[in-house]
Amino acid sequence: MSQEKLDAIDNCLFELLELVENFNEIRIKSNKELSSGYFNLARSKYSLGAGTFTSLSYDKRMKSGATITCEKNDDKDLVQYKLGGEMYENKTKPQETETNLKNRANKEKTEEKKEETTKEVKFRNPLFWYGVLVPQSLRASQKDFKNVKINQNLDNEINLHQNTGNLVWDGAYILSKYLYRLKLKNKKCIELGCGTGLVGISAWTYGADITLTDIEDVIPLVNENVWTNVDTILSKANNDTKLSKEKIKIKSLEWGAENCKNLDVYDIVFGSEILYYSKSHKALIETLQHICDENTLCVFIYKTRKLGEEQFFELAKNEGFSIEFIDNRKLISEFQDSEYHLFYMKKI
């Protein structure tokens, strides 16, 4: 076997070991949060007791199976009780003949088939299981099941030439789901053209020290999303968390050699759907030349829109960058057969 093949195998083994180490870190962190969350859920269920409900814990959307109506007779000073509801009515219905039962069964099957096409699964908020008096332990469990919430600005027209940073594009979602494969803890990162901030915020949750950048018009939305999520996550985080506000920053940035003189060199550079406008490729390469060295990894994702994306790769290679396309099978399943492509870039 040639030395070149042996080196390739060694590189694959090193990559595998890094992924395993990263996976173990994520698993340990997830186990802590999930165990705490499920423990608090169990405590809240225990607080209900064995099937005990009061009027305060009766949710208005629950349908009663049986009802009792009390009526007072003024003349005789007596109270009359009337039973009703589905459970009572089913018990008091007269017995049906075998023929009627068969006809009704056939009718019900037909109706069930019709209902199957329109049936919707509705989310039931666990807080409503407890009506007005929600156990504190249930509220505590919510802290262990957290998500990133991103606001979009859809008031203005959005197309490929204006207001593109006001919307969460699929590329940002795909890249944010890919981040667990990277070793981001304490890495100095920057996102170019961050838009709503989804990728940068997600990288921060993995322990990255990240700077989110975009043009001045987009910064207000970035600020809103970043600080809303950071404050929420930190308020719900465990005491042993190493996340902090100091590790996420926001900066307005116009690409080009003249505009990035104050920027540092970074370990990782993220870019999501920033290749669609071919006229900006030269300025983007100039920015990358300034913020990258031979150890910097650029992680980009784009969609083939036939708007000149291939020109970027030609320009990047001519300026001394290597390009490695990532197998789409490493993307989340719903986009593995899509026109989205993720690639790495490094200075040679």
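- Atom OG of Ser278 sits about 5.0 Å away from atom CD of Gln311, to the nearest 0.5 Å.
- Between the CH2 atom of Trp169 and the CD atom of Gln152 there is a distance of 10.0 Å, given to the nearest 0.5 Å.
- With contacts defined as side-chain heavy-atom distances shorter than 4.5 Å, the pair Ile301/Tyr178 does not qualify.
- Hydrophobic clustering (side-chain heavy atoms under 4.5 Å, transitive across Ile, Leu, Val, Met, Phe, Trp, Tyr) keeps Ile250 apart from Leu221.
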inquiry  = Assess the residue pair Lys282 and Glu314 against the criterion (salt bridge (charged side-chain N to carboxylate O under 4.0 Å, His left out)); give the C-alpha distance rounded to whole Å, side-chain angles, the decisive distance to 0.1 Å, and a yes or no.
reply    = CA-CA 11 Å; Lys282 183 175 181 296; Glu314 295 176 8; over 6 Å; no

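- In this structure, Glu286 contributes its side chain and Ala257 its backbone to a donor-acceptor pair below 3.5 Å.
- Between the side chains of Asn151 and Glu224, at least one donor N or O sits under 3.5 Å from an acceptor N or O.
- The closest donor-acceptor contact from the side chain of Asn259 to the backbone of Glu254 lies under 3.5 Å.
- Annotation: Asn262, atom CG; neighbour count of heavy atoms from other residues, nucleotides and ligands within 6.0 Å does not exceed 12.
- No more than 12 heavy atoms of other residues, nucleotides or ligands sit less than 6.0 Å from atom CG of Asp337.
- In this structure, Glu339 contributes its side chain and Thr304 its backbone to no donor-acceptor pair below 3.5 Å.
- Note on Ile174: it clusters hydrophobically with Ile150, by side-chain heavy-atom contacts below 4.5 Å among ILVMFWY residues.
- Between the Asn328 side chain and the Tyr340 main chain, a donor and an acceptor come within less than 3.5 Å of each other.
- Linking Ile, Leu, Val, Met, Phe, Trp and Tyr whenever their side-chain heavy atoms come within less than 4.5 Å puts Ile210 and Val226 in one cluster.
- With side-chain heavy atoms closer than 4.5 Å counting as contact, directly or through intermediates, the hydrophobic cluster containing Leu288 also holds Ile190, Leu192, Leu253, Trp255, Leu263, Tyr266, Val269, Ile274, Leu275, Leu284, Ile285, Ile291, Phe300, Tyr302, Phe312, Phe313, Leu315, Phe321, Ile323, Phe325, Phe343, Met345.
- With sequence neighbours left out, Asn186 forms a side-chain contact (heavy atoms from CB on, under 4.5 Å) with Lys247.
- Evaluated for a salt bridge (charged side-chain N to carboxylate O under 4.0 Å, His left out) with Lys188, the options Asp264, Asp209, Asp293 yield exactly one hit, Asp264.
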task = Under the salt bridge (charged side-chain N to carboxylate O under 4.0 Å, His left out) rule, what do Arg305 and Glu309 come out as? Steps first, then yes or no, please.
result = CA-CA 8 Å; Arg305 294 187 171 93; Glu309 298 92 350; 5.5 Å; no

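- Rounding to the nearest 0.5 Å places CG of Leu234 at 7.5 Å from OG of Ser244.
- Side-chain atoms of Glu191 come within 3.5 Å of backbone N or O of Gly200 as a donor-acceptor pair.
- Sorted by first and then second residue, the salt bridge (Lys or Arg N to Asp or Glu O under 4.0 Å) pairs with a member in residues 168-179 form an empty list; sequence neighbours excluded.
- Grouping Ile, Leu, Val, Met, Phe, Trp and Tyr residues whose side-chain heavy atoms lie under 4.5 Å apart, directly or via other members, leaves Val265 alone, with no other cluster members.
- With rounding to the nearest 0.5 Å, the separation of CD1 in Ile248 from CH2 in Trp204 is 6.5 Å.
- The distance from atom CG of Leu212 to atom NZ of Lys249, rounded to the nearest 0.5 Å, is 10.0 Å.
- Here Lys245 pairs with Asp231 under the side chain to side chain donor-acceptor pair (under 3.5 Å) rule; sequence neighbours left out.
- Under the 3.5 Å distance criterion, the side-chain polar atoms of Thr287 are matched with a main-chain donor or acceptor of Gly256.
- Residues forming a side chain to side chain donor-acceptor pair (under 3.5 Å) with Lys261 (at least two apart in sequence, or on another chain): Glu258.
- Within the 4.5 Å cutoff, side-chain heavy atoms of Cys194 are placed close to those of Val222.
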